[in-house]
Amino acid sequence: MNRGNLSQSLVAIIVCILAIFYFSASASAAASATEATAAVAITTVYNQYASWFGSPSGGLQTGSSGSSTYYFQWYTNGAALVAWPDGYMYLYDGQWYQLGVNWQTLGEAATEIMTVYNQYASSLGTPSGGIITGTSGGVSCYIQWYTNGTALVAWTDGYMYMYNGQWNSLGVSWTNPTPTPTPTPSPTPTPTPSPTPTPTTGGNVLSLTVNGSLCSAANSSGYANKPCVSVTICTPGTATCQTINDILLDTMSTGLRVFKSVLSVSLTPVTAGSGTLAECMEYGDGSADWGYVATASVILGSEPVVTVPVHVIDYTFDSTFSGIPGGSSGCVLRQNPYVDTSPAEAGFNGILGVNVLPHDCGSDCVNNANNQTYYSCGGGRCSGTTVALSNQVQNPVALLPQDNNGVIVQLPGVSLGGVASVSGSLVLGIGTQSNNSPLSTVTVYPTDQYADLNTIFSGVTYTGNGFIDSGSNGLFFQSPSASTLPDCSASSSADGFYCPTATQSFTASNQGINGSPNGTVSFQIGNAVSLFNSSSNVFVELGGDGAGEFDWGLPFFFGRSVYYGIDGTKSTLGTGPYVAY
C-alpha cells in the first residue's frame with residue numbers, strides 16, 4: 001500500500017471492454033441492423049462483467065413495449081442485460097437499474113472500430129484495455145488504444161480518426177445521426193425466458209466503492225482514489241457483531257486491520273510468551289500502524305464466518321513502545337515519518353489486505369525473533385518475538401471453505417478529468433463459482449511470494465519491483481525526464497505527484513517474475529494540482545514519483561478485472577502466486 005495526501009476532481013464516463021463478438025450465421029442473417037447493434041452493445045458490456053454474470057443462457061431475445069422492440073440476454077446468475085427502447089442499457093436482477101450507457105451509439109462505435117481495426121491490425125498492434133467513452137462538448141466519443149501507442153477514435157463529428165501523436169481523419173463515418181431518443185421511465189415488463197435460468201446467491205461478492213458510499217466522509221477529505229469495502233467483525237463464539245465501513249481495500253498487504261477506536265465488539269488479544277502479541281506494520285508511503293493482535297470472527301459478504309487473528313490499531317498500546325516521541329518503538333527507530341493515531345489521520349477505519357500472501361510475515365517471523373514486525377509486550381516492555389503461522393495476521397479469504405484461492409477486483413473505467421465516485425466489486429474466489437470464472441482473454445503473470453513482478457518503462461527494467469496495488473492512489477514511478485513529467489510544487493496540495501503542463505501518454509510492459517509473459521499497458525498522467533482543484537475524486541491519470549519501483553496503483557484497475565491468486569492455491573488460471581488481468 002502507498003498512500004498520499006490528496007484533493008479531488010472529475011467528468012462522468014463509462015469504460016466498456018471490447019471483445020470479439022460472435023454471431024451464428026443463421027442469427028446474423030435474421031437480425032436487423034438495430035438488433036445487431038443491440039447485440040454488440042450487450043456483449044461489450046457483458047465482457048467487462050462476465051465473471052459476475054456467468055455465461056449467457058440461450059441467445060439474444062426480443063420483446064415489445066407498446067410499438068417498440070427491446071433486446072435482452074439472460075445469464076446463468078439469473079440477471080439480464082436489456083437494450084431498452086429509450087436507447088439505454090439496463091441491468092435486471094429482480095429490479096431494474098439503468099446503466100447510463102446508450103446502447104445504440106456504443107454498438108455502432110464498437111462495430112466500426114472493430115471493422116477499421118481488422119483492416120489495419122498489423123500496424124496497430126493489439127487492443128490495450130477496452131473502449132473508453134469520453135466527452136467533447138457534452139457529446140460522447142469512443143476511444144480504443146492499442147499496444148503501439150496509437151488509438152482509433154469514433155469522434156463526435158461522426159467520423160473515425162486515428163491518433164498516432166497527431167489526429168488523422170480516416171474519412172469513414174461511424175454513425176448516421178438519428179434523433180436523440182426520449183428517455184422513458186424504467187421499464188416495467190419483465191422478460192421471461194424459457195427455461196428460466198437458476199439464479200446464484202452472489203454471497204461471494206463484496207460491494208466496492210471508490211470515494212463512494214462505503215467511504216467515510218469524515219476520513220476522506222483530500223483523499224482521492226480511495227477504494228472502500230465493509231467488513232463484519234464478531235466476538236468469537238457469539239452473535240455480537242459489528243459491520244464497519246470505510247475499510248481500505250489493499251492488494252499489497254495481508255490481513256484485516258481495524259482501529260480500536262471504531263470497534264464496539266470485544267476481542268481477546270493473542271498472547272506471545274508471557275506478554276501480548278503486538279505488531280508494527282509499515283507501508284510504502286512511510287506510514288505505519290502499531291497495535292496488538294486479537295482473535296476475531298470475520299464475515300466477508302455472505303460467506304461463512306472465519307475466525308482469524310486481526311491487527312487492532314492502537315498507537316497508545318504500551319506507550320513506551322507505541323510511537324510517542326521519545327519512546328522505544330521500532331516503528332520510530334526505523335524512521336517512519338508517523339504512526340497512525342486515528343482514523344481521521346490515516347484516512348480510513350481499517351485495511352483489508354487481500355495480497356497473494358496467506359500470512360502477513362510467513363516463515364520469516366516463524367524462525368526469526370528480530371523480524372521487526374512482531375513483538376511481545378508486557379510490564380512496560382516490548383521485545384521482538386517469533387510467531388507461529390496460526391497467530392500471524394492472515395488473509396481471511398484464504399480461510400474460507402470454498403472461495404479461498406484468490407480474489408478479483410473489478411472497477412469500471414474512468415475518463416480523463418475524473419468522476420465523483422465509482423462502484424465495483426471485490427469477488428472472492430477464482431473459478432470456484434459461476435460468477436468468478438476467469439475471462440478467456442486474461443493473461444496470467446506469475447509473481448514472487450509478495451505479488452511483485454517485473455515492469456519495463458522508459459528503458460529501465462524494474463526486476464521484482466513492479467506491483468499492482470489498489471492501496472496506492474496513483475501510478476508511482478520514476479519520471480523519464482523532468483521536462484516531460486515535472487514534480488508538483490512541494491508547497492502545493494499535490495506534493496509528491498506529477499504536474500505536466502498537458503496530459504502525457506505512455507506505455508510500459510509488465511512481465512512475469514521469471515521473464516514471461518510480457519504485456520504492454522498504456523496509461524496517461526495529468527496535472528495533479530489541476531485534478532485536486534476540481535470537484536472530482538476519482539482519476540485515471542493520477543501519478544507521482546516512485547524512484548526504484550513501478551507501482552501500478554488504483555488507476556490501473558479502472559476498466560479491468562484484476563485477479564490475485566493466493567500462494568500455493570490452484571485455480572483455472574494456475575497455481576498462485578500470480579496476478580492476472
Side-chain angles (χ1 to χ4, degrees), residues 1-13 206-231 243-253 256-259 262 281 283-287 289 313 338 340 342-355 407 409-415 417-426 467-476 493-497 526 528 531-544 546 551-560 562:
M1 185 182 78
N2 188 346
R3 304 196 303 264
N5 51 326
L6 310 149
S7 291
Q8 323 171 203
S9 148
L10 258 282
V11 172
I13 71 150
L206 280 72
S207 295
L208 168 63
T209 66
V210 181
N211 295 84
S213 60
L214 297 179
C215 301
S216 164
N219 299 335
S220 303
S221 178
Y223 196 152
N225 285 355
K226 178 183 176 183
C228 302
V229 296
S230 67
V231 174
T243 298
I244 303 175
N245 290 342
D246 201 36
I247 302 295
L248 186 74
L249 179 67
D250 184 18
T251 58
M252 282 303 290
S253 71
L256 179 60
R257 307 173 195 280
V258 181
F259 274 93
V262 303
M281 177 53 61
Y283 305 106
D285 64 349
S287 65
D289 286 325
I313 304 171
Y338 59 88
D340 291 329
S342 67
E345 179 191 59
F348 47 73
N349 286 333
I351 300 171
L352 177 62
V354 290
N355 195 3
V407 301
V409 180
Q410 298 175 330
L411 286 171
V414 173
S415 62
V419 291
S421 65
V422 297
S423 298
S425 300
L426 171 64
F467 50 92
I468 302 172
D469 178 16
S470 67
S472 295
N473 56 7
L475 305 174
F476 294 96
S493 61
D495 182 25
F497 291 92
L531 297 177
F532 295 164
N533 285 338
S534 73
S535 60
S536 301
N537 306 297
V538 184
F539 312 102
V540 71
E541 68 266 50
L542 183 61
D551 179 353
W552 296 98
L554 196 71
F556 178 88
F557 290 79
F558 295 132
R560 287 187 170 95
V562 185

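Count residues from 1 along the sequence. Model, not experiment: these values are computed from the prediction.
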Task: No-hydrogen, no-angle side-chain donor-acceptor test under 3.5 Å, Ser472 and Asp551 - done: yes
Task: Residues that Asn349 engages under side-chain hydrogen bond (donor to acceptor under 3.5 Å, both in side chains), provided they are two or more places apart - done: Asn219
Task: Minimum-distance pair of heavy atoms, taken over all atoms of Val538 and Asn211 - done: CG2-OD1, 3.9 Å
- [ ] Give a yes/no verdict on a cation-pi contact between Arg560 and Phe558, requiring under 6.0 Å between NZ or CZ and the six-membered ring centre and an angle within 45° of the axis.
- [x] no
Task: Within-4.5 Å side-chain heavy-atom neighbours: Val231 and Ile244 - done: no
- [ ] Output the distance between atom CD1 (Ile247) and atom OG (Ser230), rounded to the nearest 0.5 Å.
- [x] 8.5 Å
- [ ] Please report the closest heavy-atom contact between Pro412 and Val422, naming both atoms and the distance.
- [x] CG-CB, 3.9 Å
Task: Step-by-step side-chain contact (heavy atoms from CB on, under 4.5 Å) determination, Leu554 to Val210 - done: CA-CA 9 Å; Leu554 196 71; Val210 181; 3.8 Å; yes
TODO: Can you measure from CG (Asp340) to OG (Ser287) and round to the nearest 0.5 angstrom?
DONE: 5.0 Å
Task: Test side chain to side chain contact (heavy atoms under 4.5 Å, CB included) applied to Val354 - qualifying residues, sequence neighbours left out - done: Leu249, Thr251, Leu352, Asn395, Val397, Val407
Task: ring-ring contact (aromatic ring centres under 6.0 Å, His included) partners for Phe259, two or more places apart - done: none
- [ ] Say whether Asp289 and Tyr283, considering side chains only, have a donor N or O and an acceptor N or O under 3.5 Å apart.
- [x] yes
Open item on the list: Could you report the tightest heavy-atom contact between Leu542 and Ala528, atom names first, then the distance?
Closed with: CD1-CB, 4.0 Å
Open item on the list: Is the distance from the ring center of Phe348 to that of Tyr223 below 6.0 Å?
Closed with: no
Task: Contacts of type side-chain hydrogen bond (donor to acceptor under 3.5 Å, both in side chains), residue Thr243, not counting sequence neighbours - done: Thr232
- [ ] Measure the spacing between OG of Ser493 and CG of Asn533 and express it to the nearest 0.5 Å.
- [x] 5.5 Å
Open item on the list: Tell me the closest heavy-atom pair linking Ser253 and Ile351, and the distance in Å.
Closed with: OG-CG2, 3.9 Å
TODO: Hey, could you give me the CG/OG distance between Leu248 and Ser220, rounded to the nearest 0.5 Å?
DONE: 9.5 Å
Open item on the list: Please check: side-chain N/O of Thr209 versus main-chain N/O of Leu214, any donor-acceptor pairing under 3.5 Å?
Closed with: yes
Task: Least distance between heavy atoms, Phe556 atom then Leu475 atom - done: N-CD2, 4.0 Å
Task: Under the side chain to side chain contact (heavy atoms under 4.5 Å, CB included) test, residues paired with Ser342 that sit two or more places apart - done: Ala344, Glu345
Task: Trp552 CH2 to Phe557 CZ distance, which is reported to the nearest 0.5 Å - done: 11.5 Å
Open item on the list: Please give me the minimum heavy-atom distance between Leu208 and Gln410, naming the atom from each residue.
Closed with: CD2-O, 4.3 Å
TODO: Could you note down all residue pairs passing salt bridge (Lys or Arg N to Asp or Glu O under 4.0 Å) where residues 214-227 supplies at least one of them, sequence neighbours left out?
DONE: Lys226-Asp246
